[in-house]
Amino acid sequence: MTATPPFSLKLEFSKAADKPRIDRLFGPAIKNHVDPNSFVARREDHVLDRAVASGCAAFLSDAKGDIQTMGIAYHLHHDKNAAPGTAPDYTELGSAMARLTGYNSARLVSAALTLKEWWANEPKNFLVAEIDFANGPSTHTFHTALGWQKLTDPQKMAELQTLCDDTIAPADRGAPVNWFYCDRALMARQARVLLDFMDQGGLHNKKTGDSLSVDFSALAGIGLYRTRLEAIAAGEIRKPVLHQISP
């Protein structure tokens, strides 16, 4: 089920109608291939539906509309009755799956989704990722490539475990995980990574020499113009100032 290059890709942020495309990735024909160790936990149906409909999934799709790489942000609220649009206490990035090998596509999607969540609905605390102890590729993506920091506060970890378990299907709870976080101070790093992908026109496989072009226009569609990304990469994280920057 691994996609065969070369082809072009498009960065997208989800809408409710994308749910069937996303469900395909969780079907055994694809998931068992890209996630043989079952590192990606299945979410409760209502949680996944809400995230997709709220634009919280980011993915790279090919010319046929098939999703090749995906990540989903889950808004975590202490108040279970929080009104739609209420800033979450935390935002968890999860459900990362990549059908492409050697292109660092998960890095691109994760950086884009992190910036989108910070820009559009910043959590009260910070963004987090829970990564299975044995999941080396995801640890490399978030910690090494994107610079997310390891969370060591036992109270925070216990708090997050409770919040995240509420989103995960019961059968998939309880895996031993490391927690990583991304706060405002790390947004410049996310923007620099994303700009690097934009500068090379998309994805590049260093081993094979193949390149896949990526349409990044979805970023401008949510107000993350290149000029704003460049400002964020330079360390500007004051949103009123960023809003004054035109395309």
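The model shown is predicted, which means the values in this text are computed figures rather than measured ones.
In terms of heavy-atom proximity, V128 sits nearest to W148 at C-CZ3, 3.5 Å. Of all non-hydrogen atoms in H204 and S211, the two that sit nearest each other are ND1-OG, 2.8 Å. The nearest pair of heavy atoms linking I168 to A41 is CG2-CB, 3.9 Å. When every heavy atom of L9 is checked against every heavy atom of F7, the shortest pair comes out as CD2-CE1, 3.1 Å. Looking at every heavy atom in both residues, S54 comes nearest to K116 through O-NZ, 4.2 Å. Between G85 and N121 the shortest heavy-atom distance is O-OD1, 4.2 Å.
Side-chain atoms of D132 come within 3.5 Å of backbone N or O of A134 as a donor-acceptor pair. When atom types are taken as modelled, the side chain of D18 and the backbone of K15 share a donor-acceptor pair closer than 3.5 angstrom. The closest donor-acceptor contact from the side chain of T227 to the backbone of S246 lies under 3.5 Å. Judged by distance alone, the side chain of R228 and the main-chain N or O of I245 form a donor-acceptor pair under 3.5 Å. Side chain of T69 to main chain of A98: no donor-acceptor pair is present (N/O by atom type, distance under 3.5 Å, no hydrogens or angles). Side-chain atoms of R189 come within 3.5 Å of backbone N or O of A145 as a donor-acceptor pair. Of the possible donor and acceptor atoms, none in the side chain of N104 sits under 3.5 Å from a partner among the backbone N and O of R107.
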>> Please evaluate residues E159 and H78 with respect to the criterion side chain to side chain contact (heavy atoms under 4.5 Å, CB included), reporting the C-alpha separation (whole Å), side-chain torsions for both, the decisive distance (0.1 Å), and the verdict.
In response: CA-CA 9 Å; E159 176 186 4; H78 285 298; 2.6 Å; yes
>> The test is side chain to side chain contact (heavy atoms under 4.5 Å, CB included); show your working for C182 and L146 and say whether it passes.
In response: CA-CA 9 Å; C182 178; L146 296 177; over 6 Å; no
> Checking side chain to side chain contact (heavy atoms under 4.5 Å, CB included) for the pair K80/D166: CA distance, chi angles, key distance, verdict?
Replying inline: CA-CA 10 Å; K80 304 308 178 188; D166 282 345; 2.9 Å; yes
> Going through the checks in order, is the side chain to side chain contact (heavy atoms under 4.5 Å, CB included) test met by F39 and S138?
Replying inline: CA-CA 9 Å; F39 290 140; S138 285; over 6 Å; no
>> Applying side chain to side chain donor-acceptor pair (under 3.5 Å) to D196 and Q200, what does each step give before you reach the verdict?
In response: CA-CA 6 Å; D196 285 345; Q200 68 182 15; over 6 Å; no
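Look at R24 and D66 and you find a salt bridge, because one of the NZ, NE, NH1 or NH2 atoms lies within 4.0 Å of a carboxylate O, short of that distance.
Using a 4.5 Å cut-off on side-chain heavy atoms (C-beta onward), T144 and T139 make no contact. Side chains of M97 and I30 form no contact here, defined as non-hydrogen atoms less than 4.5 Å apart. Side-chain atoms of E130 and N178, non-hydrogen and from C-beta on, never get closer than 4.5 Å to each other. Proximity of F26 to L48: side-chain heavy atoms (C-beta onward) are separated by under 4.5 Å at one or more points. Considering only heavy atoms from C-beta on, F13 comes within 4.5 Å of L219 through its side chain. Two residues are said to be in side-chain contact when any heavy atoms from C-beta on lie closer than 4.5 Å; L11 and D215 fail this criterion. Side-chain contact between R21 and F59 is present, with heavy atoms from C-beta onward closer than 4.5 Å. The shortest side-chain heavy-atom distance between P20 and D23 does not fall under the 4.5 Å cut-off.
Here Q68 contributes atom CD and S61 contributes atom OG; the two are 8.5 Å apart, rounded to the nearest 0.5 Å. Note that the CG atom of D89 and the CG atom of D79 stand 8.5 Å from one another [nearest 0.5 Å]. Note that the CZ atom of F197 and the OG atom of S105 stand 8.0 Å from one another [nearest 0.5 Å]. Put simply, OG1 on T162 and CG on L76 are 11.0 Å apart, with the number rounded to the nearest 0.5 Å. Distance CD/Q190 to CG/L127: 8.5 Å, rounded to 0.5 Å. If you take CD1 on I222 and OG on S217, they are separated by 11.0 Å, rounding to the nearest 0.5 Å.
With Y90 as the partner, the side chain to side chain contact (heavy atoms under 4.5 Å, CB included) test is satisfied by one option alone out of K156, K124, H75: K156.
A 6.0 Å sphere centred on NZ of K150 holds no more than 12 heavy atoms belonging to other residues, nucleotides or ligands.
When the side chains of ILVMFWY residues are joined at heavy-atom separations under 4.5 Å, either directly or via intervening members, L160 and Y74 end up in two distinct hydrophobic clusters. Under the 4.5 Å side-chain heavy-atom criterion for Ile, Leu, Val, Met, Phe, Trp and Tyr, L242 and M198 are members of the same hydrophobic cluster. The hydrophobic cluster containing L212 also contains V109, counting ILVMFWY residues as joined when their side-chain heavy atoms lie under 4.5 angstrom apart, directly or transitively. The same ILVMFWY cluster, assembled from side-chain heavy atoms under 4.5 Å apart, contains both L115 and V214. When hydrophobic clusters are built by joining Ile, Leu, Val, Met, Phe, Trp and Tyr residues whose side-chain heavy atoms come closer than 4.5 Å, directly or via intermediates, L195 is grouped together with V193.
Using the six-membered ring where Trp is involved, Y181 and F126 have ring planes that are tilted, between 30° and 60° apart.
A donor-acceptor pair shorter than 3.5 Å cannot be found between the side chains of Y103 and K206. Looking only at atom types and distance, the side chain of W179 has no donor-acceptor partner in the side chain of Q149 under 3.5 Å away.
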Donor-acceptor contacts, no H, no angles, side chain residues 229-236, under 3.5 Å, sequence neighbours left out:
from : atom 1 : to   : atom 2 : distance (Å)
E230 : OE2    : R226 : NE     : 2.8
E236 : OE1    : R238 : NE     : 3.4
E236 : OE1    : R238 : NH2    : 2.7
E236 : OE2    : R238 : N      : 2.9
E236 : OE2    : R238 : NE     : 2.8

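Counting only residues at least two apart or on different chains, the salt bridge (charged side-chain N to carboxylate O under 4.0 Å, His left out) pairs with a member in residues 27-49 are K19-D49, K31-D35, R42-D45, R43-E92, E44-R173.
Every residue meeting the ring-ring contact (aromatic ring centres under 6.0 Å, His included) condition with H143, not counting sequence neighbours, appears here in chain and number order: F180.
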